[in-house]
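The structure under discussion appears below in the form of structure tokens.
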There are 2 protein chains.
Amino acid sequence: MTDSLCIVHGESGPMIRSVLDRICDKWTLLIVSTLQRGRMRFTELQRNIPGVSQRMLSLTLRHLERDGLVVRTAYAEVPPRVEYALTDTGATLIEPALALASWAVTNGPTIEASRSSFDSRSS
Amino acid sequence: MTDSLCIVHGESGPMIRSVLDRICDKWTLLIVSTLQRGRMRFTELQRNIPGVSQRMLSLTLRHLERDGLVVRTAYAEVPPRVEYALTDTGATLIEPALALASWAVTNGPTIEASRSSFDSRSS
DNA sequence: CTGCATCCATGCGGATACTG
DNA sequence: CAGTATCCGCATGGATGCAG
């Protein structure tokens with residue numbers, strides 16, 4: 001607890017940054033939490049994640065695959081079929097990510113209230 | 001557990017996004033974890049966070065203040081003195097943020113190994 | 001000491017069109 | 001079906017200079 005900042009500071013910094021950058025881009029968390037339901041193919045993912053473009057879905061999946069959080073399986077069929085699934089490592093991400101998400105849901109109203117109040121004060 | 005994706009999807013989405021965007025910018029986590037040590041003034045923060053520019057420190061602190069995670073106290077002195085401290089809400093952020101950070105530290109090597117392997121395969 | 005204003009480079013992400 | 005390629009607007013963030 002006391003040395004918590006030692007985790008964020010120090011030589012672990014870059015690692016945390018690179019992971020955080022991955023988590024915090026616009027679609028990663030959405031994709032990972034969707035894949036928690038089970039393996040899914042490209043179009044299925046796109047249907048289940050409203051607003052995502054082909055480009056971003058493709059890019060983000062590629063990133064996740066590169067980081068070993070998602071596995072891509074292509075079947076040599078016509079028409080082509082590709083399925084995505086979480087790896088074991090990918091699955092372990094869900095817990096801490098969800099902890100942060102639920103913090104966001106819990107404190108969201110407080111934060112938004114604070115924003116409104118702040119904005120009206122400085123108007 | 002089963003309905004975890006219901007938290008991320010659904011109408012909570014925007015709230016999570018706005019919080020995530022705050023957490024994941026380049027300096028917020030660093031500032032919050034630094035302030036965990038206690039109230040601190042501007043220059044002190046700058047010294048304790050290597051690489052941060054005045055602009056970014058100022059901007060990020062303003063955001064945190066707006067969100068009610070940090071309180072700013074200005075003393076009418078010459079020369080002027082300003083101190084920053086975490087609010088109660090701000091302090092509760094540390095725990096889930098640290099959970100994610102420690103996940104990053106734990107899985108960082110695995111991820112980086114996966115990246116190298118992926119990059120060499122597609123070279 | 002504190003921190004705003006300005007200029008500028010970079011990169012994320014959206015829209016669209018096209019391929020195997 | 002499952003992508004890739006291209007263009008383009010916008011926000012992030014660094015450097016520098018100036019002000020209260």
Side-chain angles (χ1 to χ4, degrees), chain A residues 13-14 16-32 34-35 39-67 70-85 115 118-119 121-123, chain B residues 13-14 16-32 34-35 39-67 70-85 118 122:
Chain A
I16 294 181
R17 277 249 55 80
S18 74
V19 172
L20 238 47
D21 287 346
R22 172 72 50 257
I23 301 311
C24 295
D25 64 16
K26 205 168 175 181
W27 303 108
T28 295
L29 192 53
L30 234 34
I31 292 177
V32 169
T34 302
L35 279 179
R39 62 199 297 92
M40 216 169 287
R41 44 196 301 188
F42 193 88
T43 319
E44 224 172 334
L45 274 168
Q46 201 174 11
R47 267 200 313 272
N48 281 284
I49 302 176
V52 70
S53 65
Q54 279 190 334
R55 171 192 157 87
M56 280 304 116
L57 184 54
S58 180
L59 272 180
T60 310
L61 284 170
R62 198 69 69 195
H63 288 319
L64 286 169
E65 187 193 0
R66 187 172 107 102
D67 289 354
V70 156
V71 270
R72 191 190 110 114
T73 318
Y75 299 88
E77 302 175 356
V78 178
R81 181 164 59 102
V82 181
E83 288 188 343
Y84 296 89
R115 281 182 190 172
F118 184 91
D119 292 344
R121 268 199 307 277
S122 53
S123 67
Chain B
I16 295 182
R17 278 247 54 79
S18 73
V19 172
L20 238 47
D21 287 346
R22 171 76 47 258
I23 300 310
C24 296
D25 64 17
K26 206 169 176 182
W27 303 108
T28 295
L29 193 53
L30 234 34
I31 292 177
V32 169
T34 302
L35 278 178
R39 59 180 30 278
M40 216 170 286
R41 45 195 302 188
F42 193 87
T43 320
E44 224 172 334
L45 274 169
Q46 200 175 10
R47 267 200 312 273
N48 281 285
I49 303 176
V52 70
S53 65
Q54 279 189 335
R55 171 190 155 87
M56 279 304 114
L57 183 54
S58 180
L59 274 180
T60 310
L61 284 170
R62 197 69 68 196
H63 287 319
L64 286 169
E65 186 194 0
R66 187 172 106 101
D67 289 354
V70 155
V71 272
R72 189 190 113 112
T73 317
Y75 299 88
E77 302 175 355
V78 178
R81 181 164 57 101
V82 181
E83 288 188 342
Y84 296 90
F118 184 91
S122 55

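The figures that follow rest on heavy atoms only: side chains count, while hydrogens, waters and symmetry mates do not. Labels below follow one simple rule: chain letters A, B, ... track the order of the sequence lines, proteins then strands, and each chain is numbered from 1. Predicted model only: the values in this text are computed from it and were never measured.
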C/dC4 OP1/OP2 closer than 4.0 Å to side-chain N/O of B/Ser58:
yes

How many whole angstroms separate atom CZ of B/Phe42 from atom C1' of C/dC4?
10 Å

In Å, rounded to the nearest 0.5 Å, how long is the span from CG of A/Leu45 to CH2 of A/Trp27?
12.5 Å

Would you indicate which nucleotide in C/dT6, D/dG20, C/dG13 comes nearest to any side-chain atom of A/Asp25?
C/dG13

Can you check the B/Leu59 CG to D/dA11 P distance for me, whole Å?
14 Å

Looking at C/dG13, does its base get a donor-acceptor pair with the side chain of A/Arg55 below 3.5 Å?
yes

Residue from A/Glu44, A/Arg39, A/Met40, A/Arg72 passing side-chain contact (heavy atoms from CB on, under 4.5 Å) with A/Glu83
A/Arg39

Contact class for A/Tyr75 (heavy atom, under 4.0 Å): base, sugar-phosphate, or nothing?
nothing

Looking only at D/dG14, C/dC4, D/dA2, the nucleotide nearest the B/Met56 side chain is D/dG14

A/Glu65 atom CD is separated from D/dA2 atom P, nearest whole Å, by 15 Å

Can you tell me which nucleotide in C/dG14, C/dC1, D/dA2 comes closest to the side chain of B/Pro79?
C/dC1

Sub-3.5 Å donor-acceptor pair from the side chain of A/Ser58 to the main-chain atoms of A/Gln54, do we have one?
no

A/Val82 and A/Phe42, any side-chain heavy atoms less than 4.5 Å apart:
no

Just the rounded figure in Å: distance from C1' of D/dA2 to CG of A/Leu61.
11 Å

Separation of D/dT4 atom P from A/His63 atom NE2, nearest Å, is 11 Å

Take the protein atom NZ of B/Lys26 and the nucleotide atom P of C/dC12, then report the distance between them rounded to whole Å.
12 Å

Closest nucleotide among D/dA2, C/dC1, D/dG17 to the B/Pro80 side chain:
C/dC1

Protein-nucleotide distance (A/Leu64, atom CG; D/dG3, atom P), rounded to Å:
13 Å

